[in-house]
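Some notes on the structure that comes next.
Values reported hereafter were calculated over all heavy atoms of this structure, with side chains retained and with hydrogens, waters and symmetry mates removed. The sequence lines fix the lettering, A, B, ..., with proteins before strands; numbering per chain opens at 1.
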Amino acid sequence: MHRWSRLFIPTLREAPADAEVASHKFLLRAGYIRQLGAGIYNYLPLGQRSLNKIIAIVREEMDLIGQEFFLPAILPREPWEQSGRWATMGENMFRLKDRKGADLCLGMTHEEIMTTMAGNELRSYKQLPQIWYQIQTKFRDEPRPKAGLLRVRQFTMKDSYSFDIDMTGLDKSYDLHDAVYRRIFTRCGLKFVAVEADSGAMGGSQSQEFMVYTNAGEDLIASCPVCGYAANLEKATSRLDPVNEMEATGDGKPELVSTPGCAAISDVAEFFKISPASDIKCVAYMALKHGTPDKAAGKPGAPTETWHGVATFLRGDHQVNETKLLGAVGGADLRTMQAEELSQFFNGPAGFLGPVGLSPTSKPLDEGLTVVVDKSLEGRKNLVAGANKLDYHLRNVVPGRDFKWTLLADIRSVNEVEACPQTAHDGSPCTGKLVVGKAVEVGHIFKLGYRYSESMGARVLDVNGKEVTPIMGSYGIGIERILTAAIEQSNDQNGFWLPASIAPFTVVVTVTNASDVALREAGEKLAAELDTAGLDVLLDDRDERAGVKFKDADLVGIPYRINVGKKVAAGQVELVTRATATSVDVALDEVVALVKQRVEEDGLLGAIPA
RNA sequence: CGGGACGUGGCUCAGCCUGGUAGAGCACUCGCUUGGGGUGCGAGGGGUCGGCAGUUCAAAUCUGCCCGUCCCGACCA
C-alpha cells in the first residue's frame with residue numbers, strides 16, 4: 001500500500017506551454033514525466049510504475065516464444081562498419097569517442113550485435129530456431145523530437161531477432177511474433193490495427209506495423225471498412241476507376257500547344273478543359289545512391305555516395321509517395337531538383353516538364369535520368385504533358401508510344417474514397433472505399449532475410465553438413481509509445497485513465513476529510529484490505545480538501561477510485577469508475593470484492609490463455 | 001536541415017513597441033478559516049529577465065552573435 005502523502009506526485013494545474021498533444025500535457029500534469037532536453041525526459045515514480053507494468057507484460061509474453069538478453073547500449077564501431085550502417089545511419093546515430101580515440105556509438109537498434117553473437121556462437125541447424133530479445137534503452141538523434149514521449153531521442157524498446165534455417169522457419173518465427181504482439185497490445189488495452197508496412201531500407205520481404213489510431217500519430221493508414229484491409233500509406237494501394245479518355249486531335253500524334261503561364265496542374269486542366277486526371281504531372285528528384293566498394297575488384301575504401309536525377313510522372317490529381325519511390329529505384333534519400341538541374345536533365349523549366357523526348361536510363365540510378373512512371377498511366381491515351389519548353393504543352397501523348405521509361409511502378413499515395421484493392425475468394429472486387437486516418441506505431445515486425453546474417457558472417461551447418469546462412473527476422477515494440485497511445489485513446493478534459501494492467505495504481509482510496517479520524521481510519525482499513533486482496537492501492541491520506549483530491553485522482557490515470565466519506569457512518573462508500581465517470585454506493589464490507597471483480601472483468605490483469 | 005514562433009520566480013503569463021524602482025494569478029511557507037469537485041482572509045520567502053558582446057548616463061526593453069525550446073515540412077519504436 002502506498003500513501004499519496006509520501007509519494008512524489010507533482011501534479012500541475014496547468015500544462016507547460018510547450019505541450020501540444022493530449023498525452024504530452026497529461027504526462028506532465030499528472031507528474032509522470034519531466035523534460036530534461038529536446039526529446040529527453042525524466043520518468044517520475046508514477047510514469048516509471050506504469051512503464052514497469054508494460055515491460056512486465058512484454059516480458060511475460062515474449063518469454064513464451066523467446067529468451068531475454070541484455071546487450072550494451074554503448075557499442076563499438078566495427079560491427080556497424082561491417083554491416084555498412086556506420087555510413088548509412090548518418091546523423092541519426094549518436095557517436096562518441098573513448099579516451100583512446102576509438103569510435104563508439106549509442107545503440108539505436110541491435111541487429112549487428114545480436115547477429116555478431118549469433119555468428120560467433122551458433123554452429124548447427126540443430127540450434128535453430130532461436131528468438132532472442134531484450135528490453136533496452138535506444139538512442140536516436142532525431143532531427144525533430146516532438147509530442148512528449150511520442151518521438152524522442154532516448155526511449156525503451158523491446159527488440160527481438162529470430163534466426164532460422166529457412167524461409168519456412170522464418171515464417172513461423174514471424175507468425176509467433178505476430179500472435180504475441182497482439183496479446184501484448186490487447187493486455188495493454190490498446191485498440192490497435194495491424195497494417196501492411198513498407199519494409200524500408202533494411203530490405204525485408206514482409207512487414208507489418210501495429211498501429212493505434214490517434215490524431216497525435218504521425219503515420220497515415222488506409223483501411224477498408226468492408227473487408228478489413230489496412231496498410232500504411234507508404235504501402236497502400238487502391239483500385240482506380242477507369243478514366244474517360246480524351247479524343248485525339250489532328251493526326252493523333254503529340255501536338256505542341258502554346259500554354260502561356262499555365263505552370264500549375266489546375267491552369268493546364270482549365271486551359272485544355274480537361275480533368276487533372278488526363279494531365280501528366282512531373283515531379284523531379286535527385287536520389288542518393290549508396291555504393292559499396294568492390295573489394296573483390298581490389299577497390300577498398302569508403303562506401304560511395306552519388307546523386308542521380310529521377311523524373312517521376314503520374315496523374316495530375318495524384319501525389320508522389322516518396323517512400324514508394326525510394327523503394328522502386330533503390331535509393332537512400334531524395335531531394336527535389338534545383339532549377340539548374342531541371343534544365344540539365346529536361347532542358348526545360350518547372351511547370352512545363354514532360355516525359356516526351358527524354359532518354360531514360362536502362363537501370364535505375366545509372367548515369368543519366370531515371371524515368372519512373374506511375375502504374376496509373378499504363379494504358380492511358382491522349383494525355384496532356386509538359387513539352388520541356390517554357391509556355392508549351394503537348395497533347396495526344398500516349399505512354400509507351402510517345403515516351404519510354406526506366407521503371408513502371410506504383411509510386412503514388414492512395415486517396416480517401418478510392419476503391420479497396422482487395423478481392424474476395426471468388427475473385428470479385430471488394431466494394432469498400434478506403435478511409436485514411438492518422439495513427440501511431442507501437443510495434444513493427446518484419447522479415448529481414450539474409451542482409452545481416454550475411455554481412456556479419458553468421459553461418460551454420462545444415463542437415464547435409466553444408467554451410468548455410470541463417471535467415472533473420474527483426475521485431476520491435478516501443479514501450480513508452482504504448483503508454484502514450486493508451487493516454488491518447490483514453491482522456492478527457494480532466495485527465496486520462498489507463499486499464500488496471502498498466503496503470504501505476506489500480507485503485508485510489510480517497511479519504512474526503514483527513515481531519516475526520518473516523519474517516520481516516522476507515523480509509524486506512526479499506527486500503528489495507530485492498531492491498532491484502534492483491535490490488536495495487538494508493539491511499540490518498542493528504543490533508544487536502546475533497547475537491548483537490550478528486551481533481552488529482554481524475555488526472556493521474558488510475559482506473560478506480562473509492563471515496564471514503566460521510567456515508568461511512570452508514571457503512572457505505574462510493575466506487576467511481578474513471579473511464580465512465582460513474583459512481584455507485586457500495587457497502588464497505590463488499591467493496592473489495594466488487595473492485596476485484598471489476599478489475600478482473602475490465603482491467604486486463606490476467607494473462608490471456610495461450 | 002528549410003520555414004515559423006518563443007525564452008521574464010516552480011507553472012501560466014503581463015511588462016519590451018515609446019530605455020529610468022521587475023509585476024500578477026497559481027504553486028510554496030506560517031497563522032487563522034474551510035472541509036464532497038483545485039475554500040477564504042492575512043503575513044511571508046523566492047527572479048543572473050536564456051548567455052555573451054555592443055549602443056547609452058542608464059538595457060528585461062534597442063542592436064549583433066550564440067545557446068535552448070516548441071510548432072510546420074523531409075526520418076522512425
Side-chain angles (χ1 to χ4, degrees), chain A residues 10-21 24-25 28-29 31 34-40 58 88-93 108-110 135-160 181 197-198 200-202 209-212 217-219 232 234 285 288 320 322-323 326 332-336 440-446 474-485 494-495 510-516 519 542-555 561 563-568 574 576 581 583:
Chain A
T11 58
L12 265 24
R13 194 185 292 227
E14 290 172 288
D18 287 349
E20 196 88 353
V21 303
H24 188 193
K25 285 182 189 159
L28 288 166
R29 286 192 52 203
R34 288 291 184 265
Q35 181 169 26
L36 187 60
I40 307 176
V58 170
T88 58
M89 279 301 188
E91 304 258 74
N92 257 20
M93 181 184 260
M108 42 200 302
T109 175
H110 283 76
I135 296 166
Q136 239 289 17
T137 304
K138 307 288 184 187
F139 300 88
R140 297 187 185 175
D141 194 0
E142 287 291 335
R144 185 149 102 80
K146 59 183 281 205
L149 291 188
L150 212 55
R151 174 160 223 80
V152 289
R153 297 197 291 173
Q154 172 178 337
F155 62 98
T156 314
M157 180 162 107
K158 186 290 300 175
D159 51 320
S160 47
Y181 273 35
D198 174 56
M202 297 180 95
E209 289 168 336
F210 294 85
M211 314 289 294
V212 176
E218 302 179 284
D219 284 86
N232 196 301
E234 296 172 349
Y285 292 96
L288 178 66
V320 177
E322 297 188 354
T323 305
L326 270 181
D333 199 6
L334 284 178
R335 63 170 175 81
T336 49
V440 58
E441 180 183 359
V442 291
H444 196 165
I445 59 179
F446 65 101
S474 163
Y475 318 87
I477 289 180
I479 302 295
E480 290 88 342
R481 278 199 179 171
I482 292 181
L483 175 58
T484 307
N494 298 319
T510 302
V511 178
T512 57
N513 184 350
S515 58
D516 182 325
L519 289 190
R542 293 175 297 169
D543 184 13
E544 290 285 354
R545 297 176 57 89
V548 173
K549 298 189 185 189
F550 294 157
K551 288 286 186 193
D552 271 344
D554 284 349
L555 175 61
R561 179 173 93 223
N563 293 336
V564 176
K566 294 175 196 145
K567 295 173 195 157
V568 161
E574 293 156 1
V576 182
S583 163

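As judged by a 4.0 angstrom heavy-atom cut-off over every strand, A:G565 is placed among the base-contacting residues. Within 4.0 Å (heavy atoms only), A:D516 reaches no atom of the nucleic acid at all. Using a 4.0 Å heavy-atom distance criterion, A:E574 is classed as a base contact. Using a 4.0 Å heavy-atom cutoff across all strands shown, A:A15 reaches sugar-phosphate atoms only and no base atom. A:E142 comes within 4.0 angstrom of a nucleotide base, judged by non-hydrogen atoms across all strands. Residue A:K566 is classed as a base contact, given a heavy-atom separation below 4.0 Å to a base. Using a 4.0 Å heavy-atom cutoff across all strands shown, A:S515 reaches at least one base atom of the nucleic acid. Residue A:A485 is classed as having no contact, given no heavy-atom separation below 4.0 Å to the nucleic acid. Within the nucleic acid shown, A:N563 comes within 4.0 Å of at least one base atom, counting heavy atoms only. Across all strands, A:V152 comes closer than 4.0 Å to base atoms (heavy-atom distances). Contacts of A:P143 with the nucleic acid, taken as non-hydrogen atoms under 4.0 Å apart, include base atoms.
Residues A:V442 and A:L36 both approach RNA chain B. Their nearest nucleotides, taken by heavy-atom distance, put A:L36 toward the 5′ side. Between A:R140 and A:G39, the residue whose closest nucleotide on RNA chain B is further toward the 5' end is A:G39.
On the C1' atoms, B:rC1 is 49 Å away from B:rU29, given to the nearest whole Å. As rounded to the nearest Å, B:rG9 and B:rU63 have C1' atoms that lie 28 Å from one another. Spacing of P atoms, B:rG51 relative to B:rU56, comes out at 22 Å, to the nearest Å. Atom name C1', nucleotides B:rG50 and B:rG38: the rounded distance is 32 Å, in whole Å. Comparing B:rC62 with B:rA24, their C1' atoms are spaced 26 Å from each other, to the whole Å. Spacing between B:rA53 and B:rC17 at atom P, rounded to whole Å, works out to 23 Å. A distance of about 14 Å separates the P atoms of B:rG47 and B:rC11, rounded to the whole Å. Taking atom P on both B:rG10 and B:rG54, the two are 28 Å apart, rounded to the nearest angstrom.
Within the shown strands, B:rC11 is the pairing partner of B:rG25 under the Watson-Crick or G-U definition, both distances less than 3.5 Å. Nucleotide B:rC1 forms a pair with B:rG73, judged by Watson-Crick or G-U wobble geometry with both contacts under 3.5 Å. For B:rG46, there is no paired base (Watson-Crick or G-U wobble, both distances below 3.5 Å). Base pairing of B:rU34: no nucleotide in any strand meets the Watson-Crick or G-U wobble criterion (both distances under 3.5 Å). The nucleotide B:rC6 finds its pairing partner in B:rG68, both defining distances of the Watson-Crick or G-U wobble pair being shorter than 3.5 Å. Summarising the base pairing, B:rC62 is matched to B:rG54 through a Watson-Crick or G-U wobble pair whose two defining distances lie under 3.5 Å.
Residue A:D554 places a side-chain atom within donor-acceptor reach of the base of B:rG37, judged by atom type and a 3.5 Å distance cut-off alone. Between the side chain of A:D543 and the base of B:rG35 there is at least one donor-acceptor pair of N/O atoms closer than 3.5 Å. A:R561 contributes a side-chain N or O that forms a donor-acceptor pair with the base of B:rG37 under 3.5 Å.
Among the nucleotides B:rU69, B:rU34, B:rG36, the one closest to the side chain of A:D18 is B:rU69. Minimum atom distance to the side chain of A:D552 is reached by B:rG38, of the listed B:rG36, B:rC76, B:rG38. Comparing B:rU39, B:rG38, B:rU12 by their nearest atom to the side chain of A:R545 picks out B:rU39. Picking from B:rG37, B:rC76, B:rC11 the nucleotide with the shortest atom distance to the side chain of A:K551 gives B:rG37. You'll find that the side chain of A:R13 is closest to B:rA27, out of B:rU12, B:rA27, B:rU34.
One atom, CZ of A:F550, and another, C1' of B:rG38, lie 12 Å apart when rounded to the nearest Å. Following rounding to the nearest Å, A:R144 (CZ) and B:rC70 (P) show an atom-to-atom distance of 9 Å. Regarding A:R151, its CZ atom lies at a distance of 9 Å from the C1' atom of B:rA77, rounded to whole Å. Note: CZ (A:R153) to C1' (B:rC75) measures 14 Å, nearest angstrom. Spacing between atom CD of A:Q35 and atom P of B:rC70 amounts to 5 Å, rounded to whole angstrom units. A:E20 places its CD atom 11 Å from the C1' atom of B:rA5, with the value rounded to the nearest Å. Atom CG in A:N232 sits roughly 11 Å away from atom P in B:rA77 (whole-Å rounding). Atom-to-atom, CE of A:M211 to P of B:rA77 comes out at 11 Å; the value is rounded to the nearest Å.
Side-chain atoms of A:T484 and A:V440, non-hydrogen and from C-beta on, never get closer than 4.5 Å to each other.
For the atom pair CZ (A:R153) and CG (A:L36), the distance works out to 10.0 Å, reported to the nearest 0.5 Å. In this structure, the separation between CD on A:E322 and OH on A:Y285 is 3.5 Å, given to the nearest 0.5 Å.
Between the side chain of A:N563 and the main chain of A:G565, no donor-acceptor pair closer than 3.5 Å is present.
An OP1 or OP2 oxygen of B:rC72 is reached within less than 4.0 angstrom by a side-chain nitrogen or oxygen of A:K146.
Side-chain contact check for A:Q136 and A:D159: no donor-acceptor pair (N or O, by modelled atom type) lies under 3.5 Å. There is a side-chain donor-acceptor pair under 3.5 Å between A:T156 and A:E480.
Checking each of A:M157, A:R140, A:K138 against A:M108 for a side chain to side chain contact (heavy atoms under 4.5 Å, CB included) leaves exactly one that passes, namely A:R140.
B:rU39 shows a glycosidic angle more than 90° from 0 and is accordingly assigned anti.
At a threshold of 4.0 Å, the pair A:R29-A:E14 does not count as salt-bridged, since none of the basic side-chain nitrogens sits closer than that to a carboxylate oxygen.
Applying the 5.5 angstrom centroid cut-off and the 30 degree plane-angle cut-off, the aromatic ring of A:F155 is stacked upon the base of B:rA77.
Annotation for A:R542 and A:A514: closest pair O-CB, 3.4 Å, computed over non-hydrogen atoms.
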